[in-house]
Protein chains: 2
Amino acid sequence: MQDPYPHPEIGAVPLTEVLHALSDPLRLRILAALAAEGERGWGAFEAGVSPSTLSHHMKVLRQAGLVRHRREGTRCVVALRDEMAERFPGLLDTVLALESRTSPAS
Amino acid sequence: MQDPYPHPEIGAVPLTEVLHALSDPLRLRILAALAAEGERGWGAFEAGVSPSTLSHHMKVLRQAGLVRHRREGTRCVVALRDEMAERFPGLLDTVLALESRTSPAS
DNA sequence: TTCGATATTCGACGATCATCGAACAACGGG
DNA sequence: CCCGTTGTTCGATGATCGTCGAATATCGAA
């Protein structure tokens, strides 16, 4: 948990890396939660996996330019990174819309 | 090269499987070529990989419901599978549009 | 300064992936 | 019927992935 977190230059992220980051059910659920309810404390995710695994997925999302990590006191706040909508317009919106239609939010 | 080829029920394909199929540069180029010029003989792809590798990627695309393989005499014709636009509307269009903008067609 | 809460990093493990060459199967043409 | 063309399948190999527990780092609070 260092600060600052390494975030990639958004223009340097390849499309295929973003698509790969999106191709996992858990990561998709994380993004859907962020899109629905805004930013969120790291610990507030009920992922059903160990902390180390969750940390791994967060890192994949961060390196793909999809989320930003920010330190807030002793915790970590995760938020969608809005530059993604400029880098790849429509991509995240489309995928999340399809995801919610296919696997309905409880 | 058997006939008929096994094609999945389009409704049974998970979104994450499609996204995974899309997350490879070569597969993306194959789809872009099909979208740009319509169906195409298997052998007409200049993929820069061995036939067995190309066959593998074709299989991934087929199993993800993105393309259809059809036998035509002694050859094999590959085409985009249009049911994909009903299963996941806008997904392929969005991705291909972004791909062509990011890596310009020569 | 010591302690607990919070998240990352470090092996390790089995699974999947992208790639290749070799062997194989199916078909049309001689 | 034998051949060449056309893809697929079958190991094999090295890389990456998802997962975990243990160890570690950082910060606020006591």
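Below, read A as the first sequence line, B as the second, and so on, with proteins coming before strands; counting in each chain starts at 1. In this text the structure is predicted, and so the values were computed from the model without any measurement.
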Distance-only check: which donor-acceptor pairs under 3.5 Å involve side-chain atoms of residues 82-91 of chain A, not counting sequence neighbours?
unit_1   : atom_1 : unit_2   : atom_2 : d
Glu83(A) : OE1    : Arg68(A) : NH2    : 3.4
Glu83(A) : OE2    : Arg68(A) : NH2    : 3.1
Glu83(A) : OE2    : Arg81(A) : NE     : 3.3
Arg87(A) : NE     : Ile10(A) : O      : 3.1
Arg87(A) : NE     : Val13(A) : O      : 3.2
Arg87(A) : NH2    : Gly11(A) : O      : 3.0
Arg87(A) : NH2    : Val13(A) : O      : 2.6

Grab the [atom1]-[atom2] distance between [X] and [N] for me, whole Å please.
X	N	atom1	atom2	result
Lys59(B)	dT8(D)	NZ	P	10 Å
Glu17(B)	dT16(C)	CD	P	13 Å
Arg71(A)	dA7(C)	CZ	C1'	8 Å
His20(A)	dA15(D)	NE2	P	17 Å
Leu61(B)	dG7(D)	CG	P	16 Å
Glu72(A)	dT26(D)	CD	C1'	16 Å

**Q.** Inter-residue atom distance His57(A).NE2 - Asp24(A).CG, 0.5 Å rounding
**A.** 5.0 Å
Q.
Nearest 0.5 angstrom please: Leu15(B) CG to Leu22(A) CG, how far?
A. 8.5 Å
**Q.** Side chain proximity check, Val67(B) to Leu31(B), heavy atoms < 4.5 angstrom
**A.**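 Yes, close enough: below the 4.5 Å cut-off.
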Q) With a 4.5 Å heavy-atom cut-off, do Leu92(A) and Val18(A) have their side chains touching? A)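 A side-chain contact is absent here, since even the closest heavy-atom pair is not under 4.5 Å.
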Q. If two hydrophobic side chains count as joined below 4.5 Å and joins carry through other members, does Val77(A) share a cluster with Trp42(A)?
A. no
Side-chain N or O of [X] less than 4.0 angstrom from OP1 or OP2 on [N]?
X	N	result
His69(B)	dT8(D)	yes
Tyr5(A)	dA7(C)	no
His57(B)	dT19(C)	yes
His56(B)	dC10(D)	no

(Q) Quick check on contacts: within residues 21-55 of chain A, what sits under 4.0 Å from DNA chain D by heavy-atom distance? (A)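 Here the set is Asp24(A), Arg27(A), Val49(A), Ser50(A), Ser52(A), Thr53(A).
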